[in-house]
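Working notes for the structure below.
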Amino acid sequence: MPFQGARGRKVADRKRRIRAFVRGGVQGVGFRPFVYDLAVRYGLNGYVLNSPDGAELEIEGRAEDVAALLSDLQQGVPFPGFVSSLRTETVPLQHSDGFEIRESREGGTVSAVVLPDIATCPLCIAELLDPNDRRFRYPFINCTHCGPRYTIIEALPYDRPNTSMAGFPMCPECLREYEDPRDRRFHAQPIACPKCGPQVELWNPNGDVLAPAQTAIPAAARVLSEGGILAVKGIGGFHLFVDARNEDAVQRLRSRKRREAKPLAVMVPDLSTASALAEISREEEDLLTGYEAPIVLLKRRPGGLAESVAPDLRDLGLMLPYSPLHHLLMRDCGFPVVATSGNLSDEPICSDETSALDTFRDIADALLVHDRPIVRSIDDSVARVIDRHPVLYRRARGYAPMPTPLPGGNRGFLAVGGHLKNTIALGLGDSAVLFPHVGDLEHPGSRARAAGHVADVQALYREQANTAVCDLHPDYASTASALQLGVPMIGVQHHVAHAAGVLVETESPLPSLAVVFDGTGYGLDRSIWGGEFLRVDEGGFERVGHLRRFPLVGGDAAARDGRRPALGLLSEVPSVAELPAFRAWLETAFRPDRLALLRSAIASGTNVVGTSSAGRLFDAVAALGAGLLHSRYESEAAMRFEALANPRSEGEYRFVLRERDDGFEVDWQPVLEDLAQDLDRRSDPSAISARFHRGLAQSIVAAARRVGLPCVALSGGCFQNRLLVEEACRLLRGVGFEVRLHRRIPPNDGGLAFGQLAAVALGLGQRCA
Ligand code: ZN
Ligand code: ZN
Ligand code: FE
């Protein structure tokens, strides 16, 4: 109805029509219903649709209403969506009626965001458990704000025909919800119900059906309570489940899966079970119950679980159910279960029934399967709260492939990451996508998976890689795969990538000091780096300091054998090696002939590299000071050494900064002298560990003071060590430094691909011939 405005001007005179292009996480999060609601509220007409770029909309109405909608659009996008950019243009009035949600527009370049798989929301859980709901106990319940995304998308835009739900035509009731803008399942692409959606079945290892549909999950729970091993097809692949309280069952799983000692993750029915098993801070609870639902490493309480779940470790990896299927199964069994990824040893996770029957023939007693195809597999993420914030150890389900802002991140640049914990990353112009954890490229299965990711990413984002970014290590499988892309290559030094990654992720001022401590990375002088102090600026970096070098005998074998770096340290400082404590240690650690052999190898430089690795220094001190000689899995000794520490014990070992021609050197020789004294005094390993950690943290502060830049960023696998990080943060902040830590990108090599793109954006890469 026409009416007069305040100044007597006709409202129609002040009408506008705006076309807006929205980019960010706007597909599959209820963005269009959100816009629809706003348009109805403000009385605007027009349309909204999913475009390959994100979303496009036109709104027409009173100018202030149009402005109000655009402002709401940027502030209030429903969880877990976000708007990264909004571009508007004025278009002629069309005097159209009403507001509509239109079909998606296809074609062109795709820069729409693919969202991660999101844990079941509280509203869906309530319906799942409501006997009067038509989806009561339906294991595929989801809505616009929860459910699978990345694992079911075949192509963009994110619409049902482009997902693995395409094979499940909606029943009339689901279709009504899907089409009703007032419904919380409006355009929820994986919408389904017991009548029209996927179903579960319980199989025996031959693939015969033991229990169909509604009876499958209770029957599966019985398999678990009887001590059986259950393979469960979830969101991103199969898990192997077993009663975590049953020592025999857990050991049987370990031996059948050929997994000797690596800690196993545990899924618990609810938060109160989690609290009974581990100490949980508020930040840890937030992480545990967040929509990413990662495995959270928590300080365990005594008892409650079989000893072989996480032998010799103080921490326990716990997670809550994150899909309706897991919720039902955990409710039906009611006790904690080991939930380890369904694979052999270190091979990639298995994600379809056919290969599951093959893989689990001799492992699982039964398989809980379903018929919703998994388009791409993904592992569980692993995180730990450090310095009151989550730090990702493994970035996968729930986090990947959420983009990370990267100013100047070149479009079409594909970074191939490192060798261990491989991931790849793709530049999208103003952001970069770090894809999920692949695994260690030692394994042929992981190499195939990595190659699959490279192909998948280019197809999904319709973005042909135009430049490959790789590590400088000549022998990395990832570097070889970059070569195969047949595009120009840019190399980035390993620790420069770590440094750029943390500085860019945390939007640090430049120049800043990056402290990069990790296991190994190929240095610019062809030695192995890993204890690096880098001054990073736009367009250049300087290695201002490093840990004192020592010889490392035996290449890759040295990463699992702490005796070798220990021997390396001692051979560098012969007077210290003669101290009685170390002479005694050498005699017990090695057979005499073996010791002579290794010593002569070091003397002649045969199969020996020089290294400044902080990771290997950790291994050496763990071996010398706490008898942790071997790692059965990556960084086991360092993790156990950290767990030993008693933070209440006083004192610290002395690192000394020395000026050299090529910057400063952080010398560990006094550390060994202090350690020898402690060993003579028969000090407890808990004190030895605490003193070493504290000394190393103090050396970071000394280096930061020497460099004199206000902001210090920490990256590299050693900064997964909570004790080291928290001590370094406390000391650095205490003297006025600002500390930056990774937040959504792992500090270990799982974050390297993002760091490689970040380094290139900062101009720190080098063109390869
Ligand atoms: Zn939901
Ligand atoms: Zn239905
Ligand atoms: Fe590294």
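One-based numbering, in listed order, for ligands and for the atoms of each.
Checked options Arg394, Arg395, Arg397; the residue passing with Asp380 is Arg397 (criterion: salt bridge (charged side-chain N to carboxylate O under 4.0 Å, His left out)).
Shown are the protein N/O/S atoms under 2.8 Å from the Zn ion (ligand 2), given by residue and atom: Cys171 SG, Cys174 SG, Cys193 SG, Cys196 SG.
Applying the 6.0 Å contact sphere to CZ of Arg331 captures no more than 12 heavy atoms from other residues, nucleotides or ligands.
Nearby protein atoms of type N, O or S around the Fe ion (ligand 3) amount to 4 (distance under 2.8 Å). For the Zn ion (ligand 1), the count of nearby protein N, O or S atoms, meaning those under 2.8 Å away, is 4.
Counted by atom type alone, Asp471 and His494 present one or more donor-acceptor pairs between their side chains at under 3.5 Å. Under 3.5 Å, the side chains of Gln199 and Asp371 contain no donor-acceptor pair of N or O atoms. Side-chain contact check for Asp440 and Ser446: no donor-acceptor pair (N or O, by modelled atom type) lies under 3.5 Å.
Using a 4.0 Å cut-off between a side-chain N of Lys or Arg and a carboxylate O of Asp or Glu, Arg384 and Glu642 qualify as a salt bridge. One finds no salt bridge joining Arg185 and Glu173 here, because no Lys/Arg side-chain nitrogen approaches an Asp/Glu carboxylate oxygen to under 4.0 Å.
For the pair Arg149 and Tyr158, the cation-pi test (distance below 6.0 Å, angle within 45°) is failed. Annotation: cation-pi pair Arg543/Trp529 present, NZ/CZ under 6.0 Å from the ring centroid and within 45° of its normal.
Ring planes of Phe140 and His370: perpendicular class, angle over 60° (limits at 30 and 60°). By the 30° and 60° cut-offs, the orientation of the rings of Phe692 relative to Phe655 is tilted.
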Exercise. Please test Leu762 against Val504 for side chain to side chain contact (heavy atoms under 4.5 Å, CB included), starting from the C-alpha separation and ending with a verdict.
Key: CA-CA 9 Å; Leu762 290 179; Val504 167; 4.0 Å; yes
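Under the side chain to side chain donor-acceptor pair (under 3.5 Å) criterion, Asp183 pairs with no residue at all, not counting sequence neighbours.
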